[in-house]
Engineer: 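Right, I'll just put the structure down here and ask away after.
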Amino acid sequence: MAIPGSARHTIRERNAVRPALAAPGSHRYLRAASTRRAIASIPVPGPTPRVDLGPAPADAIDAALAEHNARLAAIGITLRIERRGGKLVLRGPLPCRRGGESRPVQRLSLGVPATTAGLEQARQRQLQVLRQLEQGSFRWPAARRAPAGGPAALDSAPLDPGGSAPGIGDLAALLESFEQAFFLDPQRRRNPAGSRSTWSAAYRPYLRRLLSLADSGESSGAGEEPWSRLWERVLESYEPGSSSRQQCGIAVAALARHGGLPLPPDWAARAGGYGLHAARFRQLPSDAQILQLLELIPNPAWRLAYGLMATYGLRNHEVFFCDLSSLAPGGDRVIRVLPSSKTGEHQVWPFQPSWVERFGLERLGETPELLPAVRTDLRRTTLQQVGRRVAEQFRRYRLPITPYDLRHAWAVRTIHIGLPDTVAARMMGHSVAIHTRTYHHWITRRDQQQAVDAALARQRPA
C-alpha cells in the first residue's frame, strides 16, 4: 500500500530523532545534535585555570551546578552533575548494573574534583555518557575496591580519568584539597564542632608528619611507588599496635582515597592492632580504687566531674556537653550527651547506679553550674581543648590514672555484668567494631565464662 507523502515525511522526521537519554517509562526524546549543543552552551563560572590545586568555594560550585542542571532539565535531560564532598559525580537513570532493560537512578563517579576546571571536565564526561547511552554502547567501569583501612567506595570507578598520578611535589596541594573536601562532606557539616575536633586530633597531626617526611626528599617523582613508600614511612614512624599508628592508617587511607592514589596491599594489617594490650589493661583501676582516688581531688567541682566520668564512662569533653536534668530527684538518671559532642547525641545509663549518690551527682540535675567553669562556646574553643583541660586537672591533682581509664573501666564493668556489646557501644558513642576491638580481652573472657557456666549447668545431676 502506498504511503501518502505527508506520512512519509513524518516517518522520516521520527527516524531522524534519536533518544539521548530516556528515563524509565519516559517518552521524551531529543535529537543528539541538539543535546550536544545544549550541553556545550551552558557556561561554567570563570576561566579554566592552568593548574587546579583545590576546590573552588562550595557556594560558587553549587550555584554553577544548579544552573547547569536546570538548563538540562528544561530540555528533558535527567542525567545531572552533583557534588559529593570534594568530588563531582553523575546522577540519573542509567542501565542496571546487573543487566536488563530497567534504568534506575544511580551515581557514576567521574574522579574529578569539585573545582571550576573539574566542572568543565565533568560536563565533557556527561556529554560522553549521553552519546554512549544514545548509541547503546554504555558500559559500567569495573567496581572500585575499597582501600585498605577505609570504607568501601559508594560509586563506580572513575570514568576515563586520564592523566598520570600526581607526584610527591603535589602533596601540599593534595592536602589542601583534602581538608576542604573533609569539611564539605554533608555528614560532617551536620556537626561542625565535632568535625573541627576530629580534624585537629585525628587527621592534622598525621598529615603534618606526612608533609614533613615528604619535604625530607627521600621520596620523589610521580607514579605509584613513591606514594607507597611515603605512606609506609609515615606509618612506620609510629609504634606498632598503638592508637597513633591506627589513626595514622585511617588518615592516610582517606587521603589516598581522595587523591585516587594506591595503598600497599597489606595496609589494613599493618595499620591495625589498636586496643588495650596486656601491658595496658592490667593497669585499669578497680571500683574500689576509683572511689579511693576521689579523696585526692580537693576541688568540689572537679570531684563532680570525676564522678560523672566514672559513673557514666564519658569522654573528657562530654562532661560539659550533657543534659543532666534526669539526675534531679525523681529522674530516671539516664543522661543525654548532646549532639554538639564528638560523636553526636546518645544516652548513657549509670554503672554502678549507686555511684550517683556516692559522688553526689543528683545535685547536678538542678544545678549543673556546680561543674567546673570551663569555656564551652564552640565558636571560641574546640572539643579537644575542653578535653585537654580535664586531662590537665588530673595531672594537677597527681592522679595515677587518666580520664580515659575511667571510661575504659566503665566499659569493662558493663561487660562483666553482661550488658550486650551493641548496647554498651551505643552508650559510649562508638561503633560495635571499635568496642569489640578495644575490649576484646574482656569480651572474650565473658563469652568463654558464659559457655563454661552453661556446660557445667548441663552436667549437674537433676
Side-chain angles (χ1 to χ4, degrees), residues 17-95 103-135 137-141 153-163 177 180-187 189 258 260:
V17 178
R18 305 176 67 184
L21 177 64
S26 172
H27 297 285
R28 305 180 67 180
Y29 297 102
L30 301 172
R31 295 180 185 272
S34 63
T35 299
R36 290 192 289 271
R37 286 196 300 271
I39 296 177
S41 67
I42 300 175
V44 295
T48 300
R50 294 178 61 88
V51 180
D52 189 30
L53 297 182
D59 293 342
I61 293 296
D62 290 343
L65 287 174
E67 179 183 4
H68 177 85
N69 292 327
R71 293 193 184 187
L72 292 185
I75 61 174
I77 297 178
T78 54
L79 184 68
R80 61 193 60 197
I81 303 175
E82 291 186 348
R83 178 174 64 80
R84 287 174 64 82
K87 297 286 187 179
L88 296 179
V89 303
L90 293 180
R91 183 178 184 273
L94 295 169
R103 286 190 173 185
V105 174
Q106 301 171 81
R107 288 189 178 91
L108 175 66
S109 175
L110 302 176
V112 298
T115 63
T116 301
L119 181 53
E120 170 63 25
Q121 190 177 1
R123 191 175 71 174
Q124 297 303 319
R125 304 277 178 80
Q126 184 183 34
L127 180 57
Q128 178 186 2
V129 172
L130 288 170
R131 288 172 178 166
Q132 292 173 345
L133 291 169
E134 173 194 354
Q135 298 165 2
S137 60
F138 175 82
R139 297 291 183 273
W140 284 97
L154 297 179
D155 300 315
S156 64
L159 175 66
D160 186 26
S177 172
Q180 293 185 35
F182 179 90
F183 288 104
L184 287 175
D185 183 272
Q187 291 185 346
R189 293 175 73 174
H258 172 78

Engineer: Would you mind reporting whether Leu72 and Leu79 have side-chain heavy atoms less than 4.5 Å apart?
Structural biologist: no
Engineer: Quick one: are Val105 and Thr78 in side-chain contact, heavy atoms under 4.5 Å?
Structural biologist: no
Engineer: Can you measure from CD1 (Ile77) to NE2 (His68) and round to the nearest 0.5 angstrom?
Structural biologist: 8.0 Å
Engineer: Can you tell me how far the CG atom of Leu130 sits from the CZ atom of Arg125, to the nearest 0.5 Å?
Structural biologist: 14.0 Å
Engineer: Measuring from Gln126:CD to Leu119:CG, what's the distance to the nearest 0.5 Å?
Structural biologist: 9.5 Å
Engineer: Testing Lys87, Gln121, Gln124 for side chain to side chain contact (heavy atoms under 4.5 Å, CB included) with Val112, which one passes?
Structural biologist: Gln121
Engineer: Looking only at non-hydrogen atoms, find the nearest pair between Pro95 and Gln106 and report the distance.
Structural biologist: O-NE2, 3.1 Å
Engineer: With sequence neighbours excluded, tell me which residues meet salt bridge (Lys or Arg N to Asp or Glu O under 4.0 Å) with Arg80.
Structural biologist: none
Engineer: Tell me, with the steps shown, if Leu88 and Leu65 meet side chain to side chain contact (heavy atoms under 4.5 Å, CB included).
Structural biologist: CA-CA 10 Å; Leu88 296 179; Leu65 287 174; 4.0 Å; yes
Engineer: Side chain to side chain donor-acceptor pair (under 3.5 Å) with Arg83: which residues, sequence neighbours excluded?
Structural biologist: Asp62
Engineer: What I'd like to find out is whether the side chain of Val89 reaches to under 4.5 Å of the side chain of Leu108, using heavy atoms alone.
Structural biologist: no
